[in-house]
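Residue numbers count from 1 along this sequence. The structure displayed is predicted, hence computed values, not measured ones.
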Amino acid sequence: MYTIDHSHTIMSTKARVFSTIALQSILLTLLSSFVTGENQDFVRTLDRNLHGFKKEKLTHFRVYWHDIYSAPNPTAMPIVRPPSNTSATLFGSISMIDDPLTEKPELSSKLIGRAQGFYGSAGQEETALLMAMNFVFLQGKYNGSTISILGRNHVFSKVREMPVIGGSGLFRFARGYAQASTHSFDLKSGDAVVEYNVYVLHY
């Protein structure tokens with residue numbers, strides 16, 4: 001006479017069910033990789049600690065941006081003239097810049113870095129610039145590191161805010177915002193000194 005071990009039968013059934021579920025999960029993962037086009041040969045998960053991801057910190061920079069058209073060696077250069085001579089906003093014009101960033105409003109004060117990039121007049125009804133520039137730092141531990149700014153600059157507003165979209169060096173994975181306020185502007189020459197307060201989250 002035989003006795004039936006129900007517990008053994010139940011355990012065997014559960015094991016088969018779990019094996020089936022595990023196999024289905026593996027097949028779904030593989031299928032998902034093919035569907036999304038993910039190639040494991042060039043995509044991999046990295047250890048955050050090995051790439052400088054420590055405690056995130058917030059840093060504030062205040063610098064003065066000197067946009068100079070009138071000097072013998074200008075730091076701002078028109079590269080596209082406005083298509084229409086009647087546009088009050090110079091809509092469509094573009095200038096390339098390599099502007100000094102100084103510690104104080106005077107151009108003779110300590111050079112902190114350079115603002116390199118371009119800006120274009122993007123407003124037909126009001127003077128609004130599209131700014132795309134890198135703040136390239138030249139001093140201390142930040143020497144060689146950059147902050148990238150891309151955004152709208154409504155130049156006649158008292159304070160204009162633009163996003164910080166990234167950076168390099170000590171500012172890898174950076175994000176934040178920059179606030180610009182005009183310190184001085186020469187309407188005849190186009191020369192300007194602008195105070196930039198930049199707030200950056202970085203590692």
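A side-chain donor-acceptor contact under 3.5 Å links Thr89 to the backbone of Gly123. When atom types are taken as modelled, the side chain of Thr127 and the backbone of Val155 share no donor-acceptor pair closer than 3.5 angstrom. In this structure a side-chain-to-backbone donor-acceptor pair under 3.5 Å is present from Gln139 to Leu111.
Every pair passing salt bridge (charged side-chain N to carboxylate O under 4.0 Å, His left out) that includes a residue from residues 129-156 is listed here, sequence neighbours excluded: Glu126-Arg152. Screening residues 58-75 for salt bridge (charged side-chain N to carboxylate O under 4.0 Å, His left out) gives no qualifying pairs among residues at least two apart or on separate chains.
The structure places CZ of Phe61 at 3.5 Å from CZ of Phe171, a figure rounded to the nearest 0.5 Å. From His60, atom NE2 reaches atom OH of Tyr199 across 3.5 Å, with rounding to the nearest 0.5 Å. Atoms CD and CH2, on Glu195 and Trp65 in that order, are 13.5 Å from each other to the nearest 0.5 Å. Taking OH of Tyr64 as the start and NZ of Lys104 as the end, the distance is 8.0 Å to the nearest 0.5 Å. Distance check, rounded to the nearest 0.5 Å: CG of Leu101 to CZ of Arg114 gives 8.0 Å. Atom CD1 of Ile112 is separated from atom CD of Glu103 by 5.0 Å, given to the nearest 0.5 angstrom.
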Pair up each side-chain donor or acceptor in residues 70-79 with any protein partner under 3.5 Å, not counting sequence neighbours, and list the distances.
residue: Ser70; atom: OG; partner: Asp191; partner atom: OD2; Å: 2.4
residue: Thr75; atom: OG1; partner: His66; partner atom: O; Å: 3.3
residue: Thr75; atom: OG1; partner: Ile68; partner atom: N; Å: 3.0
residue: Thr75; atom: OG1; partner: Asp99; partner atom: OD1; Å: 2.7

Taking only distance into account, with no hydrogens and no angle test, what donor-acceptor pairs under 3.5 Å do side-chain atoms of residues 158-169 form with protein atoms, sequence neighbours excluded?
residue: Arg160; atom: NE; partner: Asn153; partner atom: OD1; Å: 2.9
residue: Arg160; atom: NH1; partner: Ser157; partner atom: O; Å: 3.0
residue: Arg160; atom: NH1; partner: Thr182; partner atom: OG1; Å: 3.1
residue: Arg160; atom: NH2; partner: Thr182; partner atom: OG1; Å: 3.1
residue: Ser168; atom: OG; partner: Thr146; partner atom: N; Å: 3.4
residue: Ser168; atom: OG; partner: Thr146; partner atom: OG1; Å: 2.6

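Listed by chain and number, the residues in a side-chain contact (heavy atoms from CB on, under 4.5 Å) with Glu56 are Arg175, Leu201, Tyr203 (sequence neighbours excluded). Partners of Leu90 under the side-chain contact (heavy atoms from CB on, under 4.5 Å) rule, at least two apart in sequence or in another chain, are Pro82, Ser93.
Hydrophobic clustering of Ile, Leu, Val, Met, Phe, Trp and Tyr side chains at less than 4.5 Å, counting indirect connections, unites Ile149 with Tyr119. The hydrophobic clustering, which links ILVMFWY residues whose side-chain heavy atoms are closer than 4.5 Å, places Val194 and Phe156 together. Clustering ILVMFWY residues whenever any of their side-chain heavy atoms sit less than 4.5 angstrom apart, transitively, puts Met131 in a cluster other than the one holding Val136. Note on Val200 and Tyr177: separate hydrophobic clusters, where clusters join Ile, Leu, Val, Met, Phe, Trp and Tyr whose side-chain heavy atoms are under 4.5 Å apart, directly or indirectly.
Heavy-atom contacts from other residues, nucleotides or ligands closer than 6.0 Å to CG of Leu58 number more than 12. Counted within 6.0 Å of CZ on Phe91, heavy atoms from surrounding residues, nucleotides or ligands total more than 12; the atom is thus considered enclosed.
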> What do the steps show when you test Ser95 against Tyr69 for side chain to side chain contact (heavy atoms under 4.5 Å, CB included), and what is the final call?
Replying inline: CA-CA 10 Å; Ser95 291; Tyr69 284 95; 2.8 Å; yes
> Run the side chain to side chain contact (heavy atoms under 4.5 Å, CB included) check on Leu150 and Leu130 step by step: do they pass?
Replying inline: CA-CA 7 Å; Leu150 174 65; Leu130 169 64; 4.1 Å; yes
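For Ile97 against Phe118, the heavy-atom pair with the smallest separation is CG1-N, 4.3 Å. Contact record, Met96 with Gly117: SD-O, 2.8 Å, taken as the closest heavy-atom pair. Of all heavy-atom pairs between Val80 and Gly92, the closest is CG1-O, 3.6 Å.
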